[in-house]
Every structure is written in structure tokens, then in C-alpha cells.
Number of protein chains: 4
Amino acid sequence: MSGNSFGQAFRITTAGESHGPGNVVIIDGVPPGLSLCEDDLLPDLRRRRPGQSKIVTQRDEADEPEILSGVFDGKTTGTSLAILIRNKDQRSRDYDDIKDVYRPGHADYTFDAKYGFRDYRGGGRSSARETTVRVAAGAVAKKLIAEAFGGKVLAYVVQIGDVQAEIADPSSVTLEQVEQLSDSSPNVVRCPDNDAAGRMLAKIEEVRSQQDSIGGVAEIVATNIPPGLGEPVFDKIKADLAKALFSLPAVLGVEYGIGFGCATMRGSENNDIFTTEESDDPSAESAKVITQSNRHGGMLGGITSGMPILLRAAVKPTSSLSQEQPTITRKEKRPTTVRTRGRHDPCLLPRFIPMAEAMVAIVLADHWLRWHKPC
Amino acid sequence: MSGNSFGQAFRITTAGESHGPGNVVIIDGVPPGLSLCEDDLLPDLRRRRPGQSKIVTQRDEADEPEILSGVFDGKTTGTSLAILIRNKDQRSRDYDDIKDVYRPGHADYTFDAKYGFRDYRGGGRSSARETTVRVAAGAVAKKLIAEAFGGKVLAYVVQIGDVQAEIADPSSVTLEQVEQLSDSSPNVVRCPDNDAAGRMLAKIEEVRSQQDSIGGVAEIVATNIPPGLGEPVFDKIKADLAKALFSLPAVLGVEYGIGFGCATMRGSENNDIFTTEESDDPSAESAKVITQSNRHGGMLGGITSGMPILLRAAVKPTSSLSQEQPTITRKEKRPTTVRTRGRHDPCLLPRFIPMAEAMVAIVLADHWLRWHKPC
Amino acid sequence: MSGNSFGQAFRITTAGESHGPGNVVIIDGVPPGLSLCEDDLLPDLRRRRPGQSKIVTQRDEADEPEILSGVFDGKTTGTSLAILIRNKDQRSRDYDDIKDVYRPGHADYTFDAKYGFRDYRGGGRSSARETTVRVAAGAVAKKLIAEAFGGKVLAYVVQIGDVQAEIADPSSVTLEQVEQLSDSSPNVVRCPDNDAAGRMLAKIEEVRSQQDSIGGVAEIVATNIPPGLGEPVFDKIKADLAKALFSLPAVLGVEYGIGFGCATMRGSENNDIFTTEESDDPSAESAKVITQSNRHGGMLGGITSGMPILLRAAVKPTSSLSQEQPTITRKEKRPTTVRTRGRHDPCLLPRFIPMAEAMVAIVLADHWLRWHKPC
Amino acid sequence: MSGNSFGQAFRITTAGESHGPGNVVIIDGVPPGLSLCEDDLLPDLRRRRPGQSKIVTQRDEADEPEILSGVFDGKTTGTSLAILIRNKDQRSRDYDDIKDVYRPGHADYTFDAKYGFRDYRGGGRSSARETTVRVAAGAVAKKLIAEAFGGKVLAYVVQIGDVQAEIADPSSVTLEQVEQLSDSSPNVVRCPDNDAAGRMLAKIEEVRSQQDSIGGVAEIVATNIPPGLGEPVFDKIKADLAKALFSLPAVLGVEYGIGFGCATMRGSENNDIFTTEESDDPSAESAKVITQSNRHGGMLGGITSGMPILLRAAVKPTSSLSQEQPTITRKEKRPTTVRTRGRHDPCLLPRFIPMAEAMVAIVLADHWLRWHKPC
């Protein structure tokens with residue numbers, strides 16, 4: 001009821017705050033027999049981790065996962081799998097400057113309204129730190145869907161401020177194109193269009209130098225998805241994917257396929273036409289059904305069509321700013337100002353990428369297990 | 001697991017197809033003592049019903065609800081409440097033309113892939129007919145949130161094709177402005193901007209005359225919402241609202257507050273500044289906390305801020321077209337064409353409005369009950 | 001949250017009161033392709049129905065089920081399946097005598113304490129009438145487990161008052177032995193031991209003539225159950241079966257296998273020894289594993305062992321009595337007396353039998369679907 | 001779906017095996033503002049811990065809990081609360097003797113049937129070690145119900161073998177009577193009847209000296225329970241309590257109130273008569289409603305009556321025995337023998353007591369939160 005679980009057949013339950021001892025996730029529903037060890041979790045945890053490059057926050061998070069249960073002799077056992085990631089630095093640093101004010105764009109006021117008080121150390125449960133174990137669970141989900149049906153999930157940045165990437169074919173973008181992480185490479189922003197990435201990086205540097213931040217858009221593509229995943233009414237796979245992405249911090253919009261662009265379309269233009277991969281084959285009965293275009297984004301009636309799933313999420317600019325912003329005090333509701341110390345991400349998008357992939361992979365694993373027996 | 005339920009504390013479970021005997025919803029969690037009778041359900045059911053005006057489908061649906069349980073002496077009892085709405089015309093009309101083909105944009109192919117076969121009569125479970133009982137449940141939710149905290153939910157059309165409405169203040173739009181339904185009135189499109197509504201109507205007439213359809217965007221506003229509703233992690237109220245809207249047919253995008261517009265914003269521009277309603281009051285401690293602007297759309301950290309909740313949903317053009325469209329046959333996967341008989345909505349938006357309101361009201365009722373004891 | 005649903009993968013949600021328009025169940029999770037029609041539901045509904053013989057209540061309930069959804073061309077579609085059973089006589093008869101008092105043994109007082117008021121017409125939601133649609137759902141579950149793995153569920157009476165049946169081998173009792181329903185046959189009590197059944201009938205007649213009632217014990221056996229069903233921790237199949245049986249009215253005890261008899265056993269006596277069906281077979285590797293005895297009742301560690309599942313449920317004597325009983329008034333809490341008009345079951349056991357079978361079949365169907373993909 | 005969660009509004013999710021790194025529980029739904037620290041968890045953990053006296057297993061388990069989240073400044077925050085208890089000794093000791101055989105009475109065979117393989121180290125997930133974190137969560141639930149409504153839960157042993165305790169009034173038994181744990185005291189068995197306790201201890205010593213074990217019965221009493229807790233249909237509080245107790249290892253029977261004794265009762269004898277605490281008070285309208293007797297065990301129609309809740313659970317004799325028992329091998333299914341090394345509990349009952357209390361407290365906390373808003 002308090003909403004710390006997500007999914008049904010592949011169900012994750014999380015706990016942890018930014019400055020408590022650690023974060024933990026229990027995954028219920030991992031089928032038995034999947035090869036798994038801590039090293040499998042590291043690549044995505046590193047992509048999420050602060051301090052990878054100069055454009056993300058420098059907070060030191062080691063993010064070393066410990067699998068507490070559910071794995072025996074290198075294989076999952078089918079019982080609940082717990083992963084613990086300790087917070088390296090849980091000292092209550094100097095939060096006096098934010099303790100008694102409502103930071104603009106943050107959950108300070110709404111937590112007070114809901115709970116009567118809040119853990120003011122760095123955001124507590126509403127901190128993006130909470131996503132660490134989601135990314136770990138997502139790594140398990142990725143392994144599962146890869147083994148079950150060859151499924152792949154990849155996300156990348158398509159817009160930062162007014163810089164938009166040109167992506168000819170979303171389903172052919174590779175992880176290597178997205179992950180060229182070095183300070184000298186424009187791809188530190190995780191945009192596979194190198195030219196746009198350079199301009200995005202410049203934009204990020206500009207706002208950072210001005211103690212400001214900038215928003216953007218991420219695109220997530222899932223390929224090798226079998227047709228038939230999803231449920232036709234409330235648990236449409238598009239609905240569960242949207243919930244998954246909106247459950248991440250700072251997301252203000254989600255669209256799939258042609259998205260908001262459908263508003264200006266006519267049905268005769270917008271409908272994707274069914275055909276087969278080898279339509280001239282006389283034995284077409286066994287041919288794979290595809291659509292000639294993918295404005296529908298891989299889902300029809302809440303169920304996957306077998307075409308790539310295509311989603312986009314709008315992410316707002318970081319609310320924490322080093323510059324002073326007007327606000328009010330917590331108790332007397334008096335006008336004051338606040339500026340948040342520490343080094344913030346001037347743009348959330350690069351670190352949002354692995355989080356988005358994780359949530360999409362979890363939804364796909366969940367619907368796969370809801371539909372099929374464990375692999 | 002099959003996804004025919006939605007919500008937790010205010011939980012609806014639905015059943016029914018477009019051409020079966022009827023549709024039924026069981027609502028679990030209605031608190032005892034709420035005044036309720038069938039007449040309370042009629043206004044929204046009528047708004048959803050086909051045939052209200054010449055721009056919507058003329059299918060004859062009486063939509064007379066029968067409350068089967070959960071109400072005694074005009075009050076809810078606190079036990080499960082069932083509402084039955086029979087289908088007036090459930091004869092299997094001539095569906096031979098669509099039985100063996102995959103209609104573009106429809107769930108025909110994906111149902112086949114999932115279930116192995118499908119009820120081909122008018123879409124079966126994937127028909128918009130399924131939303132009838134959602135609207136009935138939404139009417140109950142609206143009564144509940146109105147009584148519990150004076151909450152109101154109102155939706156309207158803001159875009160049809162390239163015609164966009166000008167709405168100065170979403171939270172001051174009234175039901176009367178939205179519902180001026182007569183064939184002579186432009187507001188048959190449910191857009192409160194009369195000027196835009198006229199152009200929208202012309203656009204709809206144009207595509208209808210061409211046996212085509214057109215997409216658009218709906219805006220949903222919830223007012224008088226107390227701060228503190230929602231959960232901070234997976235069940236963020238923005239996540240549940242998005243799932244609710246994406247669970248409706250034909251939705252391809254959802255955004256709240258500034259939405260996708262956040263991509264080009266800086267943090268210093270985008271953050272809404274906290275203040276109080278009477279900020280110059282010396283006894284401001286009791287003053288109501290508000291924000292000077294509402295780019296955040298009424299939710300921060302997954303929890304309501306007390307500002308109006310503001311959502312937009314993009315709805316694709318109707319997939320069913322009277323004109324011929326290329327497709328393939330079900331069995332041999334051979335190229336063929338299909339045109340769908342009957343009178344379709346040339347634009348889904350006007351009838352989408354009560355469905356969207358219903359789903360938003362259900363989410364608000366659910367989170368209210370999850371947080372508070374029954375009223 | 002209000003507890004009108006049961007199960008996860010085969011999930012039933014019910015609504016309805018004893019004197020409202022009807023009772024309805026929505027079953028979510030029935031796999032596609034199962035043959036089903038209303039006639040499949042009738043046999044068990046008739047076994048549950050009042051008025052079958054002189055020892056059960058004569059209330060007239062037609063119990064004609066209508067499948068509202070989820071079946072097309074005689075096969076389940078995989079979508080939610082709704083069954084409606086109207087109450088034949090829903091007139092509010094003269095309930096003035098029970099309206100303002102708390103009937104002993106009934107839920108009158110506890111409903112008042114929970115809801116603040118109650119539907120006093122014949123028990124409302126707490127009436128055994130509510131089990132009608134459970135029995136209908138159980139008939140669907142029985143079809144599913146029979147088709148999926150040949151599973152069978154059979155219940156019968158083993159004790160009425162101090163009369164105990166002798167059942168040599170629970171797993172060889174047949175439906176024919178249990179169901180010899182005519183007023184001239186002792187088996188109207190649904191006890192397969194004819195000799196005991198005769199004495200049970202005499203006992204029931206005796207208490208009935210004295211305007212009294214009598215308790216008893218039912219035994220439920222499930223055979224052809226594959227090993228491996230169930231979950232090892234909270235959803236142990238023994239735990240879900242116990243919840244299912246205790247969710248029926250009037251159940252005060254549940255035990256399985258040797259049950260409470262285990263208290264006086266030593267481990268060396270109580271452990272059932274594993275062996276194989278053909279233990280002298282040299283190729284025993286493929287032999288079916290069995291136990292030499294079945295004190296464990298077919299479940300070990302919460303998971304089925306492949307041996308018959310064996311349960312017993314104690315059912316209290318009917319609380320409604322035609323004789324006067326002392327109690328207090330609802331409002332002023334003054335001493336008074338109450339006697340309940342109408343013809344009550346002097347013993348609940350005979351009609352409890354199909355209810356118990358239904359709930360056990362539902363649990364088995366649920367765990368089968370949780371474990372396996374749909375058949 | 002895999003059943004590692006229990007409860008709805010107070011929901012626990014557990015992970016961990018007997019020989020993995022540790023066990024963890026996430027509690028979702030603890031209201032904000034409850035005082036809590038690790039020390040609050042220790043008393044019940046110590047009662048559950050092996051090695052407290054010579055009649056329980058000597059396995060060394062430190063059971064030092066660490067609260068990972070959900071508590072700030074000594075108060076719960078309202079967000080998910082995780083508790084980690086590391087296994088002190090997780091070396092894979094010599095399990096070669098049990099690795100390839102099916103131990104009688106254990107879940108070895110059923111795990112193989114379900115998962116295809118198993119963690120054979122000391123039972124893995126099916127070990128009673130898994131209950132450690134249940135007891136920790138139960139300590140939180142006990143604090144919550146004590147603060148919310150003064151509720152108390154106490155369990156004790158009423159039968160070991162054929163020795164039965166005489167308990168005049170279950171609701172007046174005290175924790176001090178149950179917990180007089182020293183090797184010289186008979187109450188090491190947790191039976192408040194000192195005379196019976198002495199004979200129980202002798203019985204346990206006898207079976208231990210014979211490398212055998214013995215079963216028994218525990219009684220659980222919950223007092224200060226407000227009327228109105230519970231739900232009327234599937235989530236009857238009696239049903240949830242039964243599920244809770246049957247989810248513990250080795251439970252073969254659960255009964256409440258008069259239990260199986262109801263089989264021989266007449267309605268006129270069995271019905272508990274309503275009265276008020278001060279029935280001669282002229283202003284009786286405000287008098288507390290009670291029943292003159294408590295054969296109903298504190299619940300009517302699935303909802304608490306305000307009378308003490310009274311439950312009994314039958315616990316089988318420990319399956320692990322130091323003596324040799326016949327069985328078959330895992331792979332070839334050949335006859336063999338097994339004896340389990342290590343020091344086992346010759347009787348599970350003394351350590352079962354805190355587990356049973358924990359589960360009952362969790363159900364009460366859950367139903368309290370489902371009914372009321374957080375305290």
C-alpha cells in the first residue's frame with residue numbers, strides 16, 4: 001500500500017535512503033537456474049554512479065552490490081533474491097542550510113504534508129540514490145529477458161535544451177555508440193549522434209558555469225520483443241511502461257511511437273500497415289508479421305506487436321542549484337532564499353539512461369513471466 | 001495477473017466485451033455511508049455514449065447501469081459494489097469482413113499472438129465498449145473525492161489536428177464551458193475555447209467526409225486536491241495517473257505540468273517558487289503553502305503539492321476507417337484490403353473526455369483511501 | 001484492500017448480498033481455450049442450493065448462472081470471465097425482528113462495529129448466499145485443473161455431532177458415494193460411510209425437531225496433484241488452502257494430514273518414508289516418488305509432494321435458531337431475546353461440501369497458473 | 001507471485017537462506033512517527049534464537065539486527081523499513097550426507113520437483129532460519145498495535161506429546177509466566193502451567209535421549225483488540241490469521257475458539273450470548289458489548305468482536321533426527337538411510353512461540369492499517 005514494490009511476477013521491493021546505512025532490493029520471481037553473480041550488476045551500476053565524468057555529480061558512491069540471497073553455486077534458486085548496496089558516506093553532513101526550508105522543485109514540502117516530518121538528509125527516500133538498487137534489479141531483468149527471448153533494452157539522450165539528436169533508426173543504435181565515456185569524448189552525454197552530443201555537452205557546460213541546470217529527453221528502445229506480451233485492459237504494457245518511467249524522479253512526460261505527434265495525424269496516415277518479412281514468399285503462412293512503419297511504437301491494444309518498443313521520456317532540469325533561489329521557511333513560512341551546496345548534475349539525462357533501461361527491462365521481465373512459465 | 005483490476009484501496013475489476021451480454025465492474029473499497037444510486041452514474045455515462053452528436057459514432061448503446069450490490073437504503077455499505085451495464089445489441093452482426101484479417105492500428109494481430117485466437121466481434125475485450133463501466137466507477141470515485149475533500153476533476157479537448165485551444169487558466173475552466181452539447185454548438189467537441197472549438201469541428205467534419213479520422217490532445221485538471229496524496233517511490237501519483245491514462249485505448253503520450261516543454265528549460269526558470277497565500281500576513285505560520293507558478297503540475301516527489309493537478313494526453317486518430325486500407329489475412333498472411341463498416345468516431349477526443357476524468361478520479365480516490373481512513 | 005478478491009493468477013472477485021439484485025464473480029486468469037458454458041456450473045450450484053432435501057434450508061434459490069463475458073464460441077477467451085447469479089427473491093421480507101438486535105453467533109454486532117451500520121436483510125454480505133458465486137468459480141477451477149493435470153477435488157462429511165464416519169482410504173472415495181441425494185437415502189448428509197450417514201441423519205433430525213442445530217467436520221481430498229505446486233514461504237499451499245477454507249462461514253478449525261494428532265507423535269513415527277512406486281525396478285531413476293504413508297497430507301515445505309492432499313475443516317452449528325435466545329438490542333444495548341424465523345439448515349455440513357471443494361479447486365488452479373504457463 | 005510477501009497495508013517481504021550471507025525483511029506500511037531502534041527487536045529475537053537452553057538446538061546464531069532504512073532520529077519515517085540479520089556461520093559445512101538424499105519430512109523432494117534443484121545447505125529457503133526476520137518484523141508490529149490500541153499478543157505451549165496444560169483463563173496469562181527461561185526452571189518449555197511444564201520437559205528430555213522428537217500444540221491470545229477489525233469475505237481475520245500460522249514451518253492444524261470441539265456442539269450451547277460490561281447500568285447505550293463466553297474466539301463473520309482472539313496451532317515433531325531413517329537417493333531413487341547431524345530441537349514448540357506471536361501481531365497491524373488511518 002505504501003508503494004515500495006513494483007511488478008507482479010517479477011516483483012521488486014526496495015528500501016533505503018540517501019544517507020542511511022544502505023539501499024536494498026528484494027526481487028521476487030526470478031526463475032531458478034539463471035546464472036548470476038555480483039559482477040553482472042556492476043556495468044549498469046557504474047553507468048548510474050555519480051562522478052563518472054565532469055558533467056555529473058561528484059558525490060562518491062562506491063555502489064558495490066552484495067547478493068544476500070537467492071543465488072547458490074552461481075545460479076538463481078527461484079527464491080527471493082536480495083541485493084544490498086551500502087551507502088559509502090552516511091554521515092549527516094551539514095544539512096542545516098536545507099533543514100528548515102522548502103527547496104524549490106524538491107519533495108520537501110510534499111513529504112512534510114504527507115508524513116508530518118521528513119528525513120532532510122539529502123532528500124531521504126526521495127533522493128535519486130534510491131534508484132541504485134533499481135538499476136541492480138534491472139541488470140537481473142536484462143539477463144532474464146536476454147536469456148528468455150534475446151530481448152535487449154537500450155536508452156540514450158535525444159535532446160538537451162534545444163539541441164536535438166538525429167537518430168535515423170532507433171533500433172539500430174548500439175550500446176557502444178551510447179557509451180563512449182571519457183571527458184574528451186562528446187558521448188559523455190550518452191547521445192549516439194556525435195555531432196549533437198558535442199553541442200549538448202557545450203550546453204551542459206554553459207549552464208553548469210552559470211550554476212544552473214538544463215532539461216532534456218531520453219529515448220528507450222527495446223528490440224527482439226516477441227509479439228503477445230502485455231495485457232489488454234489496465235495492465236497494457238504501454239501503461240506499465242509509463243508507470244515505470246514516471247516512477248523515476250524528474251520525469252514530466254512519456255510518449256511512445258509517434259507520441260504527441262499523433263495529434264496532427266489522420267488515421268489513414270497514422271495506421272501502420274501489416275505485412276510479412278518475406279511477403280513474396282508463397283509459404284507466407286509461417287512468415288513473421290511486421291508493420292511497414294512503427295508509429296505505433298511496438299504495442300497495439302496494450303500488447304506487443306513484435307516491432308521494436310519505442311519510448312521517450314522528458315526529464316526536467318535538476319532542481320538543486322548552487323545559485324540562490326527564493327523560497328519560504330518550513331516552520332514560519334517566511335520568505336527566505338536557499339542554495340544547495342555540493343556538486344549537482346547540471347543535467348540529469350546522462351545518469352537517467354541506465355535508470356530508464358532498468359525500469360523498462362523490469363516491465364518486460366514481469367510481463368514475460370506473467371505470460372510464460374519461467375524459462 | 002491478467003490485469004483486469006486497477007487501484008488498491010479503491011480497486012476496480014472489470015469484465016465484458018463489446019458484443020457479449022454486458023459489462024460489469026466490481027468496486028472494492030467504497031467506504032460505507034456514501035449516498036449513491038443509479039442516477040448518479042447517468043450523466044457521465046451519457047457523455048461517454050455514442051450517438052450524442054453527429055461527430056461521434058452512432059452505435060446505439062443505452063448504457064443503463066444496474067447497481068447489483070453494495071448499496072442499501074441509498075447508501076453504500078462498505079462492501080463490494082457491482083455495476084452491470086448490459087449491451088443493448090449483442091447480436092453478432094456481420095463481422096465476416098474483419099474476421100480473417102488484421103485491421104491496421106487494431107489489436108487483432110496482438111490478441112492472436114497472445115491468446116491464440118480472439119473474439120472478433122467488434123474488438124471484443126479491446127473495444128472501447130470496455131470503458132463504459134470505467135466511467136460508471138469513475139462517477140462513484142468523483143462522488144467520493146467530492147465528499148471527502150471537495151475534489152473535482154474536469155477534462156476538455158485542447159487540440160484536434162493542428163487546431164490548438166487557448167486556455168488562459170486550466171483550473172478555472174467549468175463543466176458548463178465544456179458541455180454545451182448540441183449539433184449547432186461548436187462545443188460538441190468539448191473544447192472550452194469556443195473559437196478553437198469551431199475550427200476543430202470543421203476539421204472533424206472534413207476528415208469524416210473523407211472517410212478519415214484525426215488525432216488530438218486532451219487536458220485534465222484536478223482541483224481542490226489536498227497536499228500529501230501519493231507515495232514517494234513506485235506509486236508516485238504521477239506514475240499512477242500516467243498508468244491510468246495509458247490504460248485507455250489510443251493514448252500515445254502523457255505529460256504533466258510543463259511536460260515535454262521542460263526539455264528546453266533551465267532549472268532557474270523551471271522551478272516553481274514556494275510562497276503562501278497571504279505572504280504578508282504576520283501570522284503566516286498557518287498560511288496555505290502555494291507555488292507562484294504551476295510548471296510542476298501539482299505533484300512533487302510523487303506527492304501532491306496542493307496546486308491543481310494538470311495532465312495532458314495525446315490520442316491517436318481512430319484506426320477504424322470506412323476507406324480501404326491494405327493489410328494481410330489472418331491465416332495465410334496474404335495481402336488484402338479492409339474497410340470497417342459502421343459509423344466510427346472520426347475523432348476519439350470528445351468521448352475520451354469522460355473516460356479520462358473517470359480514470360483520474362479513480363486514482364485520486366485510491367490514493368485518498370490509501371492515505372486516510374474512509375470518510 | 002477490502003478483501004473481496006482471492007487468488008493471484010486465478011483471481012476471483014465477488015460482490016453481492018443475500019437480498020440485493022444478485023451476486024457476481026469476476027474470474028481473472030482463466031487461460032484461453034477452455035471449453036465452458038453455463039451448464040458446466042449447474043451441478044455444483046445444485047449441490048450448494050437450499051431445498052435439495054428436508055435437512056437443508058428450504059429457501060428458494062434458483063441459482064441460474066449467466067456468463068456475462070470471457071467466453072466466445074464455447075471457449076474461454078483468456079480475458080476476465082464474469083458470472084451473474086440473480087437472487088430470486090430479493091424483497092425485503094419482514095426483518096423487523098432482527099433489525100434492532102444482535103443475533104448470537106452472527107456478524108450483526110461486528111458489522112456495526114466496523115461499518116457503523118449494516119444491511120440487516122438476512123445477513124447482507126455476510127450471508128452464506130455470498131458463496132453461490134464462489135461455487136460457480138470453483139466449477140471453472142475444477143474444469144481447469146482437470147484439463148491441466150487430471151486433478152480432482154472431492155469433499156464429504158466425516159463427523160456430525162459425536163457420529164464419526166469410518167473412511168478406509170480418503171483418496172478412493174467417489175463422488176457417487178457422496179452424492180446419493182434423496183430423502184430416503186442416508187447420503188443426504190454427504191457422508192460416504194452409509195452406516196455413519198444413517199446415524200448422522202438421525203442426529204440432524206433430532207436437533208431440528210428441537211429447534212436446534214449441530215456442528216461437524218468435513219474432509220476434502222485432492223488427487224492427481226503433481227509434485228511441485230506451491231511456494232516455500234508465505235504462500236505455502238497449506239497456508240493458502242487454510243485461508244480458503246477459513247474464508248468460508250462457520251469454520252473454526254482446519255487441519256491437514258495427521259493434523260492435531262501430530263501433537264502426540266514422535267518424529268520417528270510421524271515422518272513419512274520416501275520410496276518409489278516400483279522400487280524394485282532397476283531403472284528406478286524414472287520411478288515416481290511416493291511416501292509409504294500420508295501423515296503429511298500431501299504437502300511438505302509448503303509444496304505438494306504428489307501424494308493426495310488431505311484436509312479437514314470443523315464447522316460450527318448453525319447460529320440461527322428458531323428457538324428463543326437471549327441477546328441485547330442494537331441501540332440501547334438492553335437485554336432482549338431473538339428467534340430467527342425461516343427454515344434454517346439444522347446442520348451446515350451437507351451444503352458446506354461443495355463450497356469447500358470450490359475453494360480448494362480455486363487454490364489449486366491458482367498455484368498451477370502461478371507455476372506453469374496457461375495450458 | 002512467488003509468495004515472499006505477506007500482508008497488505010503492513011506488508012513484509014523477506015529474503016534469505018539458512019547458509020547465505022543473511023536474511024532481510026522489508027516492511028512496507030509502518031506509519032511515520034513510531035519510536036524504533038534495534039534494541040526493540042532483540043527480546044523476541046532472543047526468544048527465537050537457538051541455544052537458549054539445553055532443549056533447543058545449539059546452532060550459534062547471533063541474530064544482531066541492523067535497521068537499514070525507514071528510521072530517522074529514532075522514529076519511523078513512514079517509508080519502507082529494512083532489517084538485515086546476517087548469518088553468523090555461513091560456511092558450507094559438510095552437507096554431503098544430505099546433499100543427495102531426500103530427508104523424510106523435509107522439503108528436499110518438493111523443492112526438487114518445483115525448482116529442478118535446491119540449495120541443500122541446511123534447508124536453504126525452507127529452513128526455520130527464514131523466520132528470524134519474521135520475528136523482527138513482528139516486534140515492529142507489536143510496537144505498532146500496542147501504541148495504536150494497546151493490543152497485546154502472547155503465545156505459550158499447551159501440549160507436548162500427551163502432556164496437556166491446564167489454563168484457566170487464556171487472556172490472563174502473562175509474559176512473565178511464559179518466560180522463566182533457565183535450565184533449572186521447567187518453564188524453559190514456555191508453558192505457563194508449571195506442573196505440566198515439568199512433565200513436558202521430562203518428555204522432551206526423554207525423546208532427545210532417544211534421538212527422537214515430539215510434537216505439541218501452541219495457544220496464542222491477543223487481548224485489547226477493538227471490535228471491527230477484519231473484512232467480511234475472503235480476508236476474514238480468522239482466514240488471514242490461519243494463513244499466517246500455516247505459513248510457519250511444521251504447522252499441521254489451526255483452530256480458534258472452541259475449534260474442532262464445535263463438531264459436537266449444538267447451536268444453543270455454542271452461541272456466545274451478547275451482553276454488556278455493565279448491564280445493570282441505566283445508561284447502557286454506551287456500555288461495552290461483550291459476550292458471556294468466548295467459544296467464538298474473538299471473531300464473528302471475519303471481524304473482531306472485541307473479545308480476546310484465541311488460536312491454537314498444532315506443530316509436528318521435528319523431522320530432522322539423529323537416528324537413522326530409511327529414504328531414497330535423489331538421483332537414482334535407490335533405497336538408503338539418512339541421519340541428520342547437528343543438534344536439533346527435540347521439540348519445536350518453545351521456539352515456535354515467538355514466531356507465532358510475530359505472525360499474529362503482523363496480521364493485526366495489517367488489518368488495523370487497512371481499516372484505520374495510520375496512528
Side-chain angles (χ1 to χ4, degrees), chain A residues 1-5 7-33 66-73 75-84 86-87 92 111 114-121 124-126 130 366 369-370 374, chain D residues 1-5 7-33 66-73 75-84 86-87 92 111 114-121 124-126 130 366 369-370 374:
Chain A
M1 288 293 290
S2 295
N4 293 293
S5 296
Q8 294 191 26
F10 186 95
R11 183 170 182 83
I12 65 172
T13 302
T14 68
E17 295 96 36
S18 54
H19 288 78
N23 282 264
V24 65
V25 60
I26 297 178
I27 315 176
D28 203 0
V30 185
E66 179 186 14
I67 297 176
L68 292 171
S69 68
V71 174
F72 178 58
D73 277 353
K75 302 259 185 191
T76 57
T77 59
T79 59
S80 49
L81 196 155
I83 303 168
L84 170 66
R86 290 205 172 269
N87 290 328
S92 272
F111 264 60
K114 177 176 176 61
Y115 297 115
F117 71 103
R118 68 188 155 98
D119 174 356
Y120 47 75
R121 299 166 304 168
R125 185 74 176 134
S126 72
E130 170 267 325
D366 186 41
L369 291 173
R370 287 172 69 169
Chain D
M1 289 292 291
S2 296
N4 293 293
S5 296
Q8 295 190 25
F10 186 94
R11 183 172 182 82
I12 65 171
T13 301
T14 69
E17 295 96 35
S18 54
H19 288 78
N23 282 264
V24 67
V25 60
I26 297 178
I27 314 176
D28 202 0
V30 185
E66 180 187 13
I67 297 176
L68 292 172
S69 68
V71 175
F72 178 59
D73 277 354
K75 301 258 185 193
T76 57
T77 58
T79 58
S80 49
L81 195 155
I83 303 169
L84 170 66
R86 290 205 171 267
N87 291 329
S92 274
F111 265 60
K114 178 176 175 62
Y115 297 115
F117 70 104
R118 66 188 155 100
D119 174 356
Y120 46 76
R121 299 166 305 168
R125 184 76 177 135
S126 71
E130 170 267 326
D366 185 41
L369 292 172
R370 286 171 70 168

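Chain letters run A, B, ... following the sequence lines, proteins first and then strands; every chain starts at 1.
- Chosen from T79(A), T14(A), D73(A), the residue pairing most often with chain D at heavy-atom distances under 4.5 Å is T79(A).
- Only the backbone of T76(A) comes within less than 4.5 Å of a heavy atom in chain D; its side chain stays farther off.
- Remark: E130(A) CD to S69(D) OG distance equals 11.0 Å, nearest 0.5 Å.
- Contact count against chain D (heavy-atom pairs under 4.5 Å) is highest for G78(A) among G78(A), G7(A), A82(A).
- Each of L81(D), T77(D), L84(D) has some count of heavy-atom pairs under 4.5 Å with chain A, and the biggest count is that of T77(D).
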Please tabulate, one pair per line, all N/O donor-acceptor pairs under 3.5 Å involving side-chain atoms of residues 23-32 of chain A, not counting sequence neighbours.
{"unit_1": "N23(A)", "atom_1": "ND2", "unit_2": "E17(A)", "atom_2": "O", "d": "3.4"}
{"unit_1": "N23(A)", "atom_1": "ND2", "unit_2": "N87(A)", "atom_2": "OD1", "d": "3.4"}
{"unit_1": "D28(A)", "atom_1": "OD1", "unit_2": "N4(D)", "atom_2": "ND2", "d": "2.5"}
{"unit_1": "D28(A)", "atom_1": "OD2", "unit_2": "N4(D)", "atom_2": "N", "d": "2.9"}
{"unit_1": "D28(A)", "atom_1": "OD2", "unit_2": "N4(D)", "atom_2": "ND2", "d": "3.3"}

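- If you take CZ on R125(D) and CZ on F72(A), they are separated by 15.5 Å, rounding to the nearest 0.5 Å.
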